[in-house]
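Right, one structure below, let's go through it.
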Protein chains: 2
Amino acid sequence: MRKISESTVRRLSLYLRFLEQCAPQKITISSDELARLGGTTSAQVRRDLLAFGSFGRRGIGYPINDLASRIRGILGLQRQYKVVLIGAGRMGSALVHYPGFRERGFNITAVYERDPKQIGVRWSGLRIRDVGSLERDLKRDSVDIAIITTPVEAAQDVAGKLVRGGVKAILNFAPTKLAVPEDVVVRTVNMAAELESLSFSLARGGIGHRE
Amino acid sequence: MRKISESTVRRLSLYLRFLEQCAPQKITISSDELARLGGTTSAQVRRDLLAFGSFGRRGIGYPINDLASRIRGILGLQRQYKVVLIGAGRMGSALVHYPGFRERGFNITAVYERDPKQIGVRWSGLRIRDVGSLERDLKRDSVDIAIITTPVEAAQDVAGKLVRGGVKAILNFAPTKLAVPEDVVVRTVNMAAELESLSFSLARGGIGHRE
DNA sequence: TTCTGTGAATAGGTTCACAGCT
DNA sequence: AGCTGTGAACCTATTCACAGAA
């Protein structure tokens with residue numbers, strides 16, 4: 001089984017969403033159909049799917065259910081994930097209440113915050129905890145993924161606590177590069193940079209139309 | 001002046017942030033230093049900067065202020081942008097109050113919502129308007145960028161209104177591919193897909209450590 | 001005929017390595 | 001010596017085009 005690139009992973013997420021939206025009576029789907037839905041080419045779709053073994057049928061297409069569960073396997077979505085969130089601001093609130101996470105098996109089980117005024121407040125049943133107890137809590141029972149929604153100044157410090165607590169995957173919304181050991185994966189979502197990429201495109205018919 | 005790739009644009013955003021954080025007495029910065037800050041290589045930095053003309057000085061480095069304003073030029077950040085947001089949910093609230101946007105010249109000037117209970121509510125001085133008047137408002141005075149934070153079912157419909165209202169750039173937080181004309185740029189931020197990319201990495205020491 | 005699987009060709013992005021300023 | 005600018009090499013991703021199975 002070959003190496004799978006980051007852009008392929010991103011597209012697999014997309015394909016999975018489309019497969020799950022298919023009418024239940026529909027049995028198979030062609031690479032061409034998936035390509036139209038996802039805004040790529042059929043060759044691209046076939047290459048992506050080939051990256052983890054071939055099981056489409058020539059002349060027919062791909063069996064929808066098999067393909068979906070195969071993609072879930074690749075993306076590691078057959079299991080549940082324990083997620084904690086640090087930073088009980090507006091962005092934290094938006095993410096805690098985002099239904100798409102739980103649907104995919106990402107369960108936010110704790111929220112941490114530094115501001116004493118926020119500690120103890122409940123967000124739909126989840127009591128906001130003191131970030132001071134984060135490291136201890138992580139050592140007591142471990143979590144899979146952490147989401148950082150703190151102000152930028154606090155982010156690296158929090159990342160340190162997470163790493164020491166054994167967290168191996170971090171989704172970071174603070175606009176900074178986090179220094180972490182080799183075996184920890186970080187994805188940074190930088191809202192301002194997203195807008196900047198749009199202003200770049202406006203300034204010169206640049207990157208073009210990319211979805 | 002050559003074509004600039006999407007990944008270069010993303011890195012330029014990063015570089016700009018670092019340049020702005022430099023101590024004011026610091027005059028120049030080397031590609032090596034920028035590389036360390038941004039987690040790339042010096043060769044990569046030099047290539048990125050070369051994409052829009054050479055004005056570093058051999059043996060010295062790049063003049064910080066010049067470089068910063070040149071990058072601002074490339075990214076189209078010398079001007080102000082008028083931005084509207086559609087969908088006054090928690091994510092909308094998080095973005096409206098995010099200080100990083102205004103700092104960069106992205107001014108959210110109106111918020112639209114479908115739910116009548118929300119219409120008229122004020123978010124730090126901004127009165128939430130009926131999405132029914134969106135298209136008319138856009139035609140009266142145009143905006144540069146729109147941010148969609150509606151539920152996924154409403155997103156395509158809103159995108160249609162935006163396009164008819166002359167908006168040429170859309171930042172989309174609904175997990176769906178928006179169909180828009182060629183001359184409209186869309187960037188979709190898919191939160192669930194970000195987590196899926198992390199679960200993929202956890203499932204197999206996959207993509208590796210990418211910042 | 002339809003639609004996958006895949007080698008080969010192409011394009012695109014990154015790294016190397018070194019000439020040339022300061 | 002220090003550090004940029006840049007051709008060339010390299011590596012990775014995408015597209016082409018067609019053989020082969022249903």
Side-chain angles (χ1 to χ4, degrees), chain A residues 1-15 18-19 22 26-64 66-68 70-71 197 200 206-211, chain B residues 1-15 18-19 22 26-64 66-68 70-71 197 200 206-211:
Chain A
M1 197 178 283
R2 288 167 232 177
K3 199 169 53 175
I4 295 180
S5 78
E6 191 167 343
S7 28
T8 296
V9 171
R10 206 180 296 272
R11 283 191 299 266
L12 289 178
S13 288
L14 260 186
Y15 301 156
F18 298 140
L19 293 171
C22 280
K26 198 168 159 60
I27 300 294
T28 60
I29 190 166
S30 70
S31 56
D32 204 61
E33 230 170 322
L34 268 176
R36 260 197 308 278
L37 290 168
T40 12
T41 66
S42 61
Q44 179 74 80
V45 172
R46 293 201 298 280
R47 269 274 182 263
D48 285 340
L49 299 185
L50 266 170
F52 53 102
S54 61
F55 62 104
R57 315 226 322 185
R58 295 169 198 235
I60 306 290
Y62 297 88
I64 291 181
D66 281 17
L67 185 54
R70 196 69 79 94
I71 293 180
S197 139
F200 168 81
I207 296 173
H209 168 65
R210 183 82 50 97
E211 195 14 12
Chain B
M1 198 176 284
R2 290 166 227 177
K3 199 169 53 175
I4 294 179
S5 79
E6 191 166 342
S7 28
T8 296
V9 172
R10 206 180 297 272
R11 283 191 300 264
L12 289 178
S13 289
L14 261 185
Y15 302 155
F18 298 138
L19 293 171
C22 280
K26 199 167 155 61
I27 300 295
T28 60
I29 191 167
S30 70
S31 57
D32 205 60
E33 230 170 324
L34 268 176
R36 260 197 308 278
L37 290 169
T40 13
T41 67
S42 62
Q44 179 74 79
V45 172
R46 292 201 299 279
R47 269 274 182 262
D48 285 340
L49 300 185
L50 266 170
F52 52 102
S54 60
F55 62 105
R57 313 227 323 188
R58 297 169 197 232
I60 307 287
Y62 297 88
I64 292 182
D66 280 17
L67 185 54
R70 195 70 78 98
I71 293 180
S197 140
F200 168 80
I207 298 172
H209 167 65
R210 186 79 55 94
E211 193 16 12

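Numbers restart at 1 for each chain; the letters A, B, ... are given by sequence-line order, proteins then strands. Since we're looking at a predicted model, the values are computed, not measured.
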Shortest non-hydrogen separation from A/C22 to A/I64 and the atoms involved: SG-CD1, 3.8 Å
Contact under 4.0 Å: B/S30 side-chain N or O vs D/dC3 OP1/OP2: no
A/R10 CZ - D/dA13 P separation (whole Å): 13 Å
Distance test, side-chain N/O of A/Y62 to OP1/OP2 of C/dT2, below 4.0 Å: no
Rounded distance in Å - CD (A/E6) to P (D/dC11): 20 Å
Aromatic A/F55 / basic A/R70 pairing, under 6.0 angstrom, 45° off normal: yes
Nearest-angstrom distance from the residue atom CD of A/E33 to C1' of C/dT4: 14 Å
Verdict with reasoning, B/E33 to B/K26, per salt bridge (charged side-chain N to carboxylate O under 4.0 Å, His left out): CA-CA 12 Å; B/E33 230 170 324; B/K26 199 167 155 61; 2.9 Å; yes
Length of the CG-C1' vector between A/L49 and C/dT4, whole Å: 10 Å
A/T41 side-chain N/O to D/dT15 phosphate OP1/OP2 under 4.0 Å: yes
Rounded distance (Å) that lies between atom C1' of C/dT4 and atom CZ of A/R70: 15 Å
Residue whose nearest DNA chain D nucleotide is more 5′ - B/I60 or A/R11: B/I60
Rounded interatomic separation in angstrom, taking CZ from B/F52 and P from D/dT4: 14 Å
Closest-nucleotide ordering on DNA chain C, the 5'-leading residue of A/G59 and A/A43: A/G59
side-chain N/O A/Q44 vs D/dT15 OP1/OP2, d < 4.0 Å: yes
Closest non-hydrogen atom pair between A/L37 and A/F18, with its separation: O-CZ, 3.2 Å
Touch class at under 4.0 angstrom, heavy-atom based, for A/S31 against every strand present: sugar-phosphate
Base C/dT15 to side chain B/R47, donor-acceptor N/O within 3.5 Å cut-off: yes
Minimum-distance pair of heavy atoms, taken over all atoms of B/V45 and B/S31: CG2-O, 3.8 Å
Pair of N/O donor and acceptor under 3.5 Å linking D/dG5 base with B/R46 side chain: yes
OP1 or OP2 of C/dG13 under 4.0 Å from side-chain N/O of B/S7: no
Closest non-hydrogen atom pair between B/L12 and B/I71, with its separation: O-CG2, 3.8 Å
Whole-Å distance separating the CG atom of B/L67 from the P atom of D/dG5: 10 Å
Residue closer to the 5' end of DNA chain D, A/T8 versus B/D32 (nearest nucleotide): B/D32
Distance in angstrom units between B/I64 CD1 and D/dT4 P, rounded: 12 Å
Pair of N/O donor and acceptor under 3.5 Å linking D/dG5 base with B/R58 side chain: no
Polar side-chain contact B/R57-C/dG20 base: donor and acceptor under 3.5 Å: no
